[in-house]
Amino acid sequence: MKPVTNLAGVDLRAEIDRLRKERNAVILAHYYQKPEIQDLADFVGDSLDLSRKAQATDADVIAFCGVRFMAETAKILSPEKIVILPDMDAGCSLEDSCQPDEFAAFRAAHPDHIALTYINCSAAVKALSDVIVTSSSAEKILAQLPADQKIIFGPDRNLGGYLSRKTGREMLVWPGVCIVHEAFSETELMKLKAQHPGAPVVAHPECPPVILDHADYIGSTRGILEYAMAMPGDTLIVATEPHIIHQMEKALPDKHFIGAPGADGNCNCNICPYMAMNTLEKLYLALRDLTPRIEIEEGLRLKAKKSLDAMLAMASATVGQGDLGPRPGVVTGD
Ligand code: 13P
Ligand code: SF4
């Protein structure tokens with residue numbers, strides 16, 4: 001096919017549809033993707049569900065509309081597939097905060113600890129870990145570890161701190177943060193709550209404790225969506241990346257969903273700049289050219305797969321609880 005350099009005349013949706021059939025490709029998208037990407041994806045989900053889909057698909061190509069660590073996870077679990085990421089620069093501040101050599105040194109300094117590691121990290125850090133967790137599986141996985149097992153938790157200090165407070169388990173927590181969830185302002189959130197008395201607040205556990213303290217529900221993106229679907233009231237304040245609101249508005253057009261504000265009350269600082277790098281144009285080009293492609297050296301892949309396999313097995317085990325869940329004793333409706 002002749003390369004198209006000017007995409008102005010291209011019907012991107014139709015072309016993406018044609019290419020997905022021609023390539024036998026599946027398009028997986030995270031809830032933080034732009035609405036136009038969510039709407040044409042074959043599956044939209046949280047990190048755990050996207051990993052499961054990537055493992056189970058019989059497509060030849062996985063077009064991953066998310067960030068690099070998610071596409072890497074898909075490749076680790078499905079090495080025979082071609083995995084493309086529309087923009088290879090779509091990284092993550094949590095991944096950046098945890099460099100493999102520093103993490104290896106931290107592990108070496110604590111030889112009697114196991115490494116329970118958030119999926120938001122590189123393949124190299126996964127290879128240095130024992131069990132990977134997502135926000136929807138962390139508590140259930142933690143509950144399956146012996147009570148006297150010493151634990152290193154990285155790289156998200158907010159998720160680690162939240163898990164420690166909720167379960168009473170002490171953990172050595174790596175000091176990484178998500179720049180998006182760190183940007184919410186407590187002052188602005190309190191102003192918003194005063195404007196909408198009775199509206200519950202939902203928050204992702206990547207938020208700092210000052211934000212989580214105001215939340216009626218804390219959970220993964222899937223958990224937050226499930227809370228929205230079940231809430232009795234008509235207004236919800238959402239403290240996570242605001243593109244998730246697209247799914248809420250589609251399912252519940254008569255309800256009102258308000259993104260929690262950042263420091264000046266109306267900045268775009270809660271939009272994940274990495275997730276936003278993916279566009280329809282880049283997705284079209286990636287499907288057309290089958291690049292940028294995720295490649296992982298086989299030795300590294302096999303090491304990283306062990307900790308991901310442990311996560312998938314423990315997340316599906318029929319013990320413990322499911323998602324991080326509502327906090328006990330907190331009123332969740334209005
Ligand atoms: P979940 O979708 O698993 O809640 O993760 C959120 C996130 O930070 C993705 O980068
Ligand atoms: Fe990383 Fe935060 Fe963006 Fe998720 S929202 S990809 S944790 S920077």
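One is the number of the first residue; the rest follow in order along the sequence. Just follow the structure's listing: the first ligand is 1, and inside any ligand the first atom is 1.
- Although no hydrogens or angles enter the test, the distance criterion places no donor-acceptor pair under 3.5 Å between the side chain of Glu206 and the main chain of His181.
- Looking only at distances, no side-chain donor or acceptor of Lys75 sits under 3.5 Å from a matching main-chain atom of Glu295.
- Between the Glu297 side chain and the Gly299 main chain, a donor and an acceptor come within less than 3.5 Å of each other.
- With 3.5 Å as the limit, one finds a donor-acceptor pair spanning the side chains of His246 and Asp39.
- Around atom 3 (Fe) of ligand 2, protein N, O or S atoms at a distance under 2.8 Å total 1; waters are neither shown nor counted.
- In Val67, neither the side chain nor the backbone holds a heavy atom less than 4.0 Å from any atom of ligand 1.
- Between Asp309 and Lys306 no salt bridge is recorded (no basic side-chain N to carboxylate O distance below 4.0 Å).
- Of all atoms in ligand 2, numbered sequentially from 1 with element shown, those under 4.0 Å from a heavy atom of Glu206 are 2 (Fe), 7 (S).
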**Request:** Check the pair Asp87 / Tyr274 against side-chain contact (heavy atoms from CB on, under 4.5 Å), numbers first and verdict last.
**Result:** CA-CA 9 Å; Asp87 191 322; Tyr274 306 105; over 6 Å; no

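- Contact analysis leaves Tyr31 out of contact with ligand 1, as no non-hydrogen atom separation drops below 4.0 angstrom.
- Scanning the protein heavy atoms around atom 3 (O) of ligand 1, the nearest turns out to be Ser47 OG, 2.9 Å.
- Considering only non-hydrogen atoms, atom 10 (O) of ligand 1 lies nearest to Asn120 out of Asn120, Asp46, Ile119.
- For the ligand labelled ligand 1, residue Ser135 lies inside the 4.0 Å heavy-atom shell.
- Side-chain contact check for Ser307 and Ser129: no donor-acceptor pair (N or O, by modelled atom type) lies under 3.5 Å.
- With hydrogens left out, the protein atom closest to atom 6 (C) of ligand 1 is His204 NE2, 3.4 Å, a heavy atom.
- Interface of Met70 with ligand 1, defined as ligand atoms under 4.0 Å from a residue heavy atom, comprises 9 (C), 10 (O).
- Here the side chain of Arg23 pairs a donor or acceptor atom with the backbone of Arg288 at under 3.5 angstrom.
- In summary, the atoms of ligand 1 found under 4.0 Å from a heavy atom of Ser220, numbered by their order in the structure, are 4 (O).
- Closest non-hydrogen pair, Thr134 versus Met311, comes out as CG2-SD, 3.8 Å.
- Judged by distance alone, the side chain of Asp130 and the main-chain N or O of Leu116 form no donor-acceptor pair under 3.5 Å.
- Contact between His181 and ligand 1 is absent, with no heavy atom of the residue lying under 4.0 Å from the ligand.
- At a heavy-atom distance under 4.0 Å, no atom of Glu241 approaches ligand 1.
- Phe184 and Met248 fall into different hydrophobic clusters, where Ile, Leu, Val, Met, Phe, Trp and Tyr side chains are chained together by heavy-atom contacts under 4.5 Å.
- Arg222 does not count as a contact of ligand 1, since none of its heavy atoms falls under 4.0 Å from the ligand.
- Considering both main-chain and side-chain atoms, Glu206 comes within under 3.5 Å of ligand 1 through a nitrogen or oxygen pair.
- Within 6.0 Å of atom NZ in Lys150, 12 or fewer heavy atoms from other residues, nucleotides or ligands are found, so the atom counts as exposed in its surroundings.
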